[in-house]
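As the structure lists them, so they are numbered: ligands from 1, and atoms in each ligand from 1. Note that these values count all heavy atoms, side chains included, but never hydrogens, waters or copies made by symmetry. All residue numbers in this chain count up from 1 along the given sequence.
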Amino acid sequence: MASIVATVLLIQCLLSILLTTTLAAPINITRETFRTCRPGNWFGNPADCCPPKVIKGPIVDFCPQYDATKPLRVRKALQCLSGHELKTYTRKLEKGYALMRALPDSDPRSLKRQNEIHCAYGTGSFIQDGSTNLTIDVHINWHFLPWHRMFVYFHEKILQKLLGDPEFSLHFWNFDNSVTATPRHGSRGCYKAGHFVPPMYNDPSKATFEANRSFMTFEPNRPVDIALDLSQLSPLLGPPTFPNNTVEEQTRLNREIMHRSMITLANTTSFFGKAYRVGDARILIPAAGAGTIELWPHNTLHAYIGGWMMQPTTAPIDPLFYPFHANMERLWSVWRKLGYGNDDPTDPDWLDATFLFWDENAVMRRVKVRDFVDLNALGYTFEEVNDASWIFFDNSTSPGAP
Ligand code: C2O
């Protein structure tokens with residue numbers, strides 16, 4: 001009797017392995033995904049942000065075209081721009097956002113529609129094809145880094161198009177750099193701290209400004225706080241209260257957090273976050289699925305900036321979202337360069353995941369994760385700055401991770 005039960009259990013188990021291995025597949029967004037979009041939710045708050053259910057026109061595969069004769073565009077650190085370059089850049093940025101804000105809501109390139117698509121992808125509004133209840137999320141799992149790189153990529157393309165300048169780059173907010181250092185002998189790049197909201201995004205007369213942010217972000221010399229205890233980050237509790245740390249304390253804490261998220265805890269699995277494929281349920285608790293830098297500094301900074309940035313339903317309304325996320329993906333490339341055997345996942349369910357985005361011509365593009373891991377193929381790179389200002393942090397002074 002016992003052996004019959006054991007055999008039945010073994011067969012059941014083998015069957016379920018067979019079933020899950022054949023069913024598991026990369027997340028794949030299609031026309032059908034848009035057609036079946038329905039209101040989602042975020043932490044229980046309803047979110048009604050489906051894009052139009054019918055995708056007009058063709059869906060065109062996106063293939064990065066690498067032109068080796070062309071120099072790579074360089075995304076630079078905002079705090080390091082100066083003189084003429086700073087002036088020109090601020091003027092372009094201002095013009096780009098003024099034009100983007102002027103687009104009608106019917107245009108998928110408008111700021112409102114870009115926010116809408118981020119919201120749909122981030123609230124379980126999209127359902128996995130062929131399912132009735134399994135939804136899609138691009139947060140709290142391994143799609144967080146590549147999906148947001150794609151989102152920022154198309155945002156940058158739209159700005160280029162509106163400005164008529166294909167060389168325009170969306171520079172990054174180097175919030176992870178809390179130290180102003182003297183460059184070491186032979187090193188290149190800018191060594192200025194970047195942990196303040198970049199001034200060009202804090203000027204009320206500019207289209208890059210957003211008033212709906214926490215009061216702390218308007219204090220020009222206040223370093224951001226990325227070290228918040230995650231248990232405080234529940235939208236049910238309202239905006240968290242940030243302690244009034246001295247600049248020295250804050251700087252030390254920020255470096256410690258960066259060191260932990262980029263090095264101590266950051267092997268490939270924990271850096272990217274949990275696997276998420278067809279057949280998986282949406283992960284709702286950040287600490288249960290998010291990669292290290294998604295939790296800190298990403299989630300903590302969203303909370304620190306506050307206002308629209310507090311929630312994925314509204315965050316991309318604030319133009320600060322984009323240089324912030326440009327730095328998030330820069331940290332991904334910094335992580336790869338650190339050594340320690342750091343490398344991207346090789347799982348085909350990650351590499352072959354497919355998403356849809358409207359491009360700069362309002363054409364729907366089908367985009368694969370595997371096409372967004374190599375920046376050179378995408379034609380841009382990040383300026384070398386004090387890339388790992390948190391690397392020499394001495395753990396012995398650590399009071400213990402929050
Ligand atoms: Cu989709 Cu910073 O969030």
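Applying the disulfide (SG to SG under 2.5 Å) definition to pairs two or more places apart or across chains, those involving residues 189-255 are Cys80-Cys190.
Cation-pi geometry between Arg113 and Trp358 is met: under 6.0 angstrom from the ring centre, within 45 degrees of the axis. Annotation: cation-pi pair Arg149/Trp332 present, NZ/CZ under 6.0 Å from the ring centroid and within 45° of its normal.
We find the CD1-CD1 distance between Ile136 and Ile27 to be 5.0 Å, quoted to the nearest 0.5 Å. With values rounded to the nearest 0.5 angstrom, Gln160 atom CD is found 7.5 Å from Glu167 atom CD.
Inspection of the environment of atom 2 (Cu) of ligand 1 yields the following protein N, O or S atoms under 2.8 Å: His298 NE2, His302 NE2, His325 NE2.
Note on ring orientation: taking the six-membered ring where Trp is involved, the planes of Tyr304 and Phe242 are perpendicular (angle over 60°, cut-offs 30° and 60°).
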